[in-house]
Amino acid sequence: MTDAICPCRVIDTDKRGYADCCKPYLEEGKAPPTAEALMRSRYTAFTHGDIDYLEDTLAPDARDDFDKKAITHWAKQSEWLGLELLSTEEGREGDAAGYVEFIAHFNHEGERYAHRERSLFRKLDGRWYFQEEANRKNQPIVKGPQPGRNDPCPCGSGKKFKKCCGAAA
């Protein structure tokens, strides 16, 4: 896998290999230096089924209803097709917070999805964490059927859809 193009780069023009992109965060314990790097590594963690990384990079105050079993099932049953970076606001090395907007493409149970999200990231004790989807009023763009109420939320929060993006509907 180390010679392959990193999963977070499939749609982008940057074709860095996994070893030079997300591997240091997922396998070597290095902290992503920016909110964008964390978001990309979290997408790659979904493609690898690395649920421990997803939980570890979720802000501590957002972990109360992280459903590890459901997220594991959902991540492993999905075919990950690529990531599009739409925008980044702040979230650099010296910032305390930042936003990253992206579209994650995947197939799940025979349906193709394009999940659009603007995520809030916060830096705590020198490490970046995913805090929450920042625009809950604007539902993510999803092609195909919406997730069921008890399915993991496609935004990657680790919460059930009904307690996350589905709560805003």
Side-chain angles (χ1 to χ4, degrees), residues 1-2 4-68 70-72 74-76 78 80-106 113-136 138 140-141 152-159 161 163-165:
M1 178 70 186
T2 57
I5 294 171
C6 192
C8 80
R9 305 290 178 178
V10 173
I11 293 175
D12 290 344
T13 57
D14 182 355
K15 301 293 185 190
R16 282 191 289 166
Y18 173 68
D20 296 325
C21 191
C22 290
K23 181 182 178 187
Y25 314 130
L26 291 165
E27 296 184 30
E28 299 169 13
K30 293 185 179 176
T34 65
E36 180 184 324
L38 177 59
M39 183 279 301
R40 288 180 178 278
S41 68
R42 285 178 55 84
Y43 175 84
T44 299
F46 273 107
T47 71
H48 289 189
D50 189 345
I51 309 310
D52 289 337
Y53 183 82
L54 294 171
E55 186 173 22
D56 291 344
T57 57
L58 185 60
D61 64 345
R63 294 179 189 169
D64 57 338
D65 58 356
F66 184 82
D67 188 341
K68 192 172 193 170
I71 291 292
T72 300
W74 178 68
K76 290 186 177 183
S78 297
W80 300 95
L81 304 174
L83 183 66
E84 289 181 72
L85 179 65
L86 302 177
S87 68
T88 302
E89 300 169 41
E90 299 181 332
R92 293 173 295 278
E93 289 186 42
D95 294 330
Y99 296 90
V100 180
E101 186 172 1
F102 62 92
I103 301 174
H105 298 271
F106 63 97
Y113 294 87
H115 171 75
R116 183 176 182 158
E117 178 178 319
R118 183 173 182 257
S119 296
L120 170 62
F121 294 84
R122 294 200 185 278
K123 190 184 275 187
L124 304 167
D125 298 324
R127 293 187 75 94
W128 284 102
Y129 292 92
F130 169 73
Q131 182 70 47
E132 64 186 4
E133 181 179 358
N135 285 344
R136 294 243 168 111
N138 298 328
I141 296 170
C153 192
C155 77
S157 68
K159 298 178 181 181
F161 180 72
K163 291 188 174 186
C164 193
C165 297

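Any value given below was found using the heavy atoms of this structure, including those in side chains, with hydrogens, waters and symmetry copies removed. Bear in mind the structure is a predicted one, so any value in this text is a computation, not a measurement.
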| request: Check step by step if side chain to side chain contact (heavy atoms under 4.5 Å, CB included) holds for Y43 and C22. | output: CA-CA 10 Å; Y43 175 84; C22 290; over 6 Å; no
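Between F46 and W80, the two ring planes are tilted [angle within 30° to 60°].
A side-chain donor-acceptor contact under 3.5 Å links D95 to the backbone of R92. Of the possible polar contacts, none joining the R118 side chain to the Y99 backbone as a donor-acceptor pair under 3.5 Å is found. Between the R63 side chain and the D56 main chain, a donor and an acceptor come within less than 3.5 Å of each other. Checked by atom type and distance alone, the side chain of K123 pairs as donor or acceptor with a backbone atom of E93 at under 3.5 Å.
Under the 4.5 Å side-chain criterion, counting only non-hydrogen atoms from C-beta, F121 is not in contact with T88. The side-chain heavy atoms of Y129 and Q131, taken from C-beta on, include no pair separated by under 4.5 Å. By the 4.5 Å heavy-atom criterion applied to side chains, R40 and L85 are counted as neighbours. Contact annotation: the side chain of Y53 never approaches that of T44 to less than 4.5 Å [non-hydrogen atoms, C-beta and beyond].
The shortest heavy-atom contact between F130 and L38 is N-CD2, 3.7 Å. Shortest non-hydrogen contact noted between S119 and F102 is OG-CE2, 3.5 Å. When every heavy atom of S41 is checked against every heavy atom of L26, the shortest pair comes out as O-CD2, 3.9 Å. Nearest heavy atom pair, residue A97 against residue L120, reads CB-CD1, 4.4 Å. The shortest heavy-atom contact between P60 and L124 is CD-CD1, 3.8 Å. Nearest heavy atoms, H48 versus P7: NE2-CG, 4.2 Å.
For the atom pair CZ of R116 and NE2 of H105, the computed distance is 10.5 Å after rounding to the nearest 0.5 Å. Separation of atoms NZ (K23) and SG (C6) is listed at 11.5 Å; rounding is to 0.5 Å. A distance of 12.0 Å separates CD1 of I5 from CG of D20, quoted to the nearest 0.5 Å. One distance of note links CH2 of W74 with CG of D67; it measures 12.5 Å at 0.5 Å rounding. With values rounded to the nearest 0.5 angstrom, R122 atom CZ is found 9.5 Å from W128 atom CH2. Summarising the geometry, atom CZ belonging to R42 is positioned 13.0 Å from atom OG1 belonging to T47; distances are rounded to the nearest 0.5 Å.
E36 and T34 are not linked by any side-chain donor-acceptor pair at a separation below 3.5 angstrom, with hydrogens and angles left out of the test.
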